[in-house]
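Computation of the quantities below employed the complete heavy-atom set of this structure, encompassing side-chain atoms and omitting hydrogens, waters and symmetry-equivalent molecules.
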2 protein chains.
Amino acid sequence: MAVTMRDVAILARVSPKTVSNVVNDHPNVHPDTRARVQQAIAELGYRPNHSARGLRSGRTGVIGLAVPELRQAYFAELADAVIAAAAKRGLSVIVGQLGGDREHEIELLTHGLPQTDGLLFSPERLGTEDRDLLAYVDFPLVMLGEWIFGGPTDHVTMHNVSAARAAVEHLISLGRRRIAVIGAHPDDETRVMGPSNLRIQGYREALAAAGIEHDPRLERVVAPWHPEDGADAARQLIESGLEFDAIFTLTDALGLGALRALGEAGRVVPDDVAVIGFDNITISHLTMPSLSSIDPGRTEIAETAVGMLVERIEWGAGSSRPARLHKAAFDVIVRESSGGMASATPKTSSRQPAPQTLNG
Amino acid sequence: MAVTMRDVAILARVSPKTVSNVVNDHPNVHPDTRARVQQAIAELGYRPNHSARGLRSGRTGVIGLAVPELRQAYFAELADAVIAAAAKRGLSVIVGQLGGDREHEIELLTHGLPQTDGLLFSPERLGTEDRDLLAYVDFPLVMLGEWIFGGPTDHVTMHNVSAARAAVEHLISLGRRRIAVIGAHPDDETRVMGPSNLRIQGYREALAAAGIEHDPRLERVVAPWHPEDGADAARQLIESGLEFDAIFTLTDALGLGALRALGEAGRVVPDDVAVIGFDNITISHLTMPSLSSIDPGRTEIAETAVGMLVERIEWGAGSSRPARLHKAAFDVIVRESSGGMASATPKTSSRQPAPQTLNG
DNA sequence: CAGCGGATTTACCACGTGGTAATCAGCGCA
DNA sequence: TGCGCTGATTACCACGTGGTAAATCCGCTG
């Protein structure tokens, strides 16, 4: 069996409680005693038992992160940032994959992840129809993204509307007027506030502000948002015979597929068609051509979300504080696909914090 | 506070122990009693406390997975597969990122990850010099990859030598003779058995078997293995003026960079230069052109590793069973970068299990 | 109807930790 | 020398669960 406080206590000739006090940096411990105990701890290689500690304190020191699939670069990079942010605070992260399964997501929201003190949840299939579920959540929860926007939980998300608008404004600044968008979702009452609709809204706002006529045929509906889907959508767009000189893909994954489809069809990027994505996943600066994108402020999202979750955990289960919303600042990253420099190293630009009151 | 067995017991008018027996599917429980207890459990929404269970049983139901960075596609996809394999067995996974930090890796190996029953560890900085560390490991451990190959621990890895050889043989079958390789590591005694050296060995074997003269200048040393490094190496190769008609990159990440550098330099892939990578990360079939690769059998690796770890956990800490080694079967995936069809959907080929006795 | 044996159920306790409150040591001062 | 006070240490116990062994129940035999 492992070394316990009892063993340390015997060796240091003190009580187990004193060992506990030393381990937890309790103030009133005599320096000599402290030294003797630490010596014993080192000698025996004592390590606190987290299960016992968890049982006693009700805390496990572990938080959960639930995403659809780590395989998708966006979620992998999100997880990377979350794990790093949690590590800074001495927390471990259990990563759960829900695979875009609605049942799993509902189950998770009702019970939480076992073994954890709280949950960061980036759902994919839940909609406003599930908002009621949040009323029964009895564990610390912070939502990533805004599927159930407006529910009584903390949210950390991005400026979907204004960032999308900035992306399209960038395309317009290049002189493009026939700007297609890939990734719209079918009109779905339950996801009105989902990222797809918000980004589409930003797209339309940018067009309207520039006095460009809105052609609904250039809004291409695609779900899900995997690269293959982006390629398919771009092919259909090309085959449709519609004229277009730019594409805004609602994610980089879609953008990668679109770049590929354009290449296959012999359309030169950015000369014939400028492309910009959204998410700024790592691979985007290495494609051929490199993909312009919106950097959603992943680090800020992760650190804020972990911070909020820690606060909720510390407040305790009973407290019903008001839900908070944080939107991370974004950047427009101009690369080759929209006329940026031909370097493999990305050039960043135009940091736009945008006010928190904006609904996007 | 949360609902406990005691609460359930009171409602069902039985002892807490009987509740425990019901929860754990103990054989000798009267059907009526079982039903009554289950009814009470449902009514109160009882959920077992994992900390208490962990304290009593010494198991947490959580395993650790330690990788350098989730941001790297290879590790993200590995984590994806491991989490899925663990979920099948009812285990959760805590993911730790060591960031390629040697100190962290040593620390991890001496203490394990808190809160877990065992560890899957994919080290980056440890070498044979650290083999001694393994002697003191007192928790269930399965290594992914072979940095400390030959140490007294279970390993799950891939057929580095024969898979690399198959990749190069594929290039040779296309008629290529001047085949460069990107990703060699500087001669380092401590990493003789690392993937870099093993894959280079496969490369040399393929050349030798085909009677192609080995030109050391075509072996490009690169570390680390990020896409940027692959691009740099390819640029240097081009600038060197050396003649070459194919490149084998030791990872897909390097390959992505190489594709980019070749494109910038106006070399047409695969007409001027055929390229094949290693790892078969998801993005590879979507680049322009799509990247041929070696599929290392990620699912098999993950399931085997989790299975081995579970066995070690069940055997208990004291048991000193002999170390095991498993090498997953691999596939050569031919895509556009080495003359495959111009489809975005990958075409697989040539499954080569290769005997377990092979040292690669 | 006592006695028996297997099926059920229960009492009791320990797992390792840390909160609470009681105890104890040492010092200054009357 | 005795008292009070503060700092240091300790005894005791509960957190929720599940192993062990003892207790209880029930149907059936002699």
Selection from D:dG16, D:dA8, C:dG18 that lies nearest to any side-chain heavy atom of B:R56: D:dG16
Distance in angstrom units between A:R6 CZ and D:dA11 P, rounded: 10 Å
Between the OG1 atom in A:T299 and the CD atom in A:E77, the distance rounded to the nearest 0.5 Å is 10.0 Å
With B:S15 via side-chain hydrogen bond (donor to acceptor under 3.5 Å, both in side chains) - residues at least two apart: B:T18
Go through residues 8-24 of chain B and report each residue with a non-hydrogen atom lying under 4.0 Å from DNA chain D, sorted by number. B:K17, B:S20, B:N24
From CG of B:L44 across to C1' of D:dG16 the rounded distance in Å is 15 Å
What contact category does B:T33 fall into here, base, sugar-phosphate, or nothing, at under 4.0 angstrom with non-hydrogen atoms? sugar-phosphate
In terms of side-chain heavy atoms of A:M5, which of D:dT9, D:dT17, C:dG18 is nearest? C:dG18
Quick one: do A:R312 and A:D154 make a salt bridge, cutoff under 4.0 Å? yes
Is the phosphate of C:dG16 approached by A:S51 (side-chain N or O, under 4.0 Å from OP1 or OP2)? no
Gap between atoms CZ and C1', on A:R59 and C:dG19 respectively (whole Å): 15 Å
Touch class at under 4.0 angstrom, heavy-atom based, for B:N28 against every strand present: base
Side-chain donor-acceptor pairs under 3.5 Å in residues 301-311 of chain A, sequence neighbours left out?
{"from": "A:E303", "atom 1": "OE2", "to": "A:K88", "atom 2": "NZ", "distance (Å)": "2.7"}
{"from": "A:T304", "atom 1": "OG1", "to": "A:E300", "atom 2": "O", "distance (Å)": "2.6"}
{"from": "A:E311", "atom 1": "OE1", "to": "A:R324", "atom 2": "NH1", "distance (Å)": "2.3"}

Residues A:R298, A:D80: salt bridge by 4.0 Å N-O rule: no
Given atom CG of A:L55 and atom P of D:dT17, what is their separation to the nearest angstrom? 9 Å
So, do B:V8 and B:V22 sit near enough that their side-chain heavy atoms are less than 4.5 Å apart? no
